[in-house]
Amino acid sequence: MNPIKPRARSERLVTRTVGDELLVYDLDRHKAYCLNPVAAQVFRHSDGQSTITEIVARIRRAVGMPIDDQAIRLGLMRLDAAHLLVDGSVDRTHRTSRREVLRTLGKTAAVVVPVVTALTVPTPAQAASFFVCAGCPTTACLGQPCSPGGICKQSGSGRLFCDSPP
Amino acid sequence: MAKLDRLPWEGAIAFTAFGVSAGIRVSDASILEPLRAILPPDWKTATKPTVARLYSLIAGGASQRPGVRRFNILYADATRLLRTHDLDETLHQLQVSLELFIGDRAPRRTFVHAGDVGWKGKAIVIPGRSHSGKSSLVTAFVKAGATYYSDEFAVLDERGRVHPYPVPLALRQDASGLPRKYKVEDLAGRVGDRPLPVGLVVITRYIDGARFRPRLASAGHAVMAMLGNTLPARRRPKRVLDVLTRAVSQALALRGARGEAEEAVGQLLATAEAAT
């Protein structure tokens with residue numbers, strides 16, 4: 001059986017390095033991710049040529065800390081969940097959890113656990129206000145009290161209002 | 001649009017702000033004066049004959065027929081935005097729509113929905129949506145001696161510096177949800193007049209009774225907090241990421257829920273001072 005060689009996506013992504021973190025913007029899904037240093041290393045070393053064992057060895061050298069392949073598998077799992085890996089380049093049957101990794105690594109775990117923070121990038125209307133009602137025909141109810149999951153409706157007087165779910 | 005064009009328009013304003021042009025035509029010339037008050041800071045009369053967006057405001061009020069009141073109706077190009085009897089609501093909606101349009105399209109500025117003040121040559125930026133408590137925090141900063149930049153937008157240039165966007169402070173105090181506006185001078189505050197580099201990013205929201213115990217946030221999380229409030233984030237992601245990463249490159253970032261604004265401001269100013 002061929003060993004798994006994870007490959008990070010390179011198309012339709014914008015990446016920027018901030019300190020030792022990596023910011024990734026997915027142009028297809030309009031989602032942004034902040035990869036902590038370990039997750040960033042996993043992403044960078046997932047070149048489609050290296051096996052997980054080889055990636056672990058490289059990251060150990062780069063980070064200078066004991067990282068076992070459980071942590072890297074967790075990182076790959078998280079990158080895969082964020083659609084940052086090429087489909088089919090990781091084994092989805094072998095899943096590991098953050099708790100398992102923490103148990104294995106003990107005190108150093110907090111430093112070496114890969115973390116991927118996600119954000120759905122807002123539209124201008126969402127960025128400039130609080131909530132945009134589902135089904136709002138324009139952005140006309142902006143500035144009025146809205147609530148998540150609300151539906152934008154028009155009253156008899158013509159005024160738009162947010163009809164909140166019970 | 002052709003039907004709108006055929007209506008008798010009594011007055012119009014065409015202007016540019018932050019490199020974006022817009023026009024507003026009104027069916028009643030008496031509305032022009034209150035209209036000028038809601039235009040973005042530093043607007044200038046447009047010199048070109050065409051604008052990127054044309055707003056049309058049909059004024060409501062009493063009709064010639066007894067017992068009938070006409071609606072105020074607002075259009076952005078051919079799209080109807082609002083139909084209401086309340087002119088203040090119409091003007092507020094027009095202002096919101098204008099800010100969105102200009103903030104999204106400004107070619108050389110990046111608009112982040114945030115409150116921002118100047119303190120000892122650096123900007124303190126508080127990204128957040130409406131109702132997150134930005135304005136009350138900005139008000140407390142101004143009362144503590146900080147220079148007012150904006151309680152609505154952090155306007156960033158290509159180098160990541162914050163420019164003033166000094167709209168009146170908007171504090172929500174009445175049940176209608178519409179904000180009441182104050183001039184910063186009413187609080188004995190000063191308005192900033194030059195761009196400042198970002199010194200502190202505060203990721204916070206108001207929780208009643210919370211004690212402010214901020215934790216350090218990474219630069220990456222500071223960028224994410226700002227990105228989540230950036231108007232042109234989807235339109236120009238590469239440029240936005242460049243600007244935001246430059247903006248936070250020399251900044252400290254703190255995160256945590258806060259209670260009363262005055263308590264948080266004391267801590268934040270001490271932190272900002274120590275960091276400079």
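Proteins get letters first, then strands, A, B, ... in listed order; numbering begins at 1 in each.
For CD of B/Gln250, the number of neighbouring non-hydrogen atoms (other residues, nucleotides, ligands) closer than 6.0 Å is 12 at most. Counted within 6.0 Å of CZ on B/Arg205, heavy atoms from surrounding residues, nucleotides or ligands total 12 or fewer; the atom is thus considered open.
When heavy atoms are compared at a cutoff of 4.5 Å, A/Leu119 approaches chain B by way of both its backbone and its side chain. In this structure, the portions of B/Ser218 lying under 4.5 Å from any heavy atom of chain A include both its backbone and its side chain. For A/Ala40, no part lies near chain B; criterion is any non-hydrogen pair under 4.5 Å. Within the 4.5 angstrom heavy-atom criterion, only side-chain atoms of A/Leu27, from C-beta onward, approach chain B. Interface residue A/Thr120: only side-chain heavy atoms are found under 4.5 Å from chain B.
In this structure, the side chain of A/Asn36 engages the main chain of A/Val115 through a donor-acceptor pair within 3.5 Å.
The residue among B/Val248, B/Asp104, B/Val112 with the most heavy atom pairs within less than 4.5 Å of chain A is B/Asp104.
To the nearest 0.5 Å, the span separating OG1 on B/Thr79 from OH on B/Tyr55 amounts to 10.0 Å.
Under the 30°/60° scheme for interplanar angles, the aromatic rings of B/His85 and B/Phe71 are found to lie parallel.
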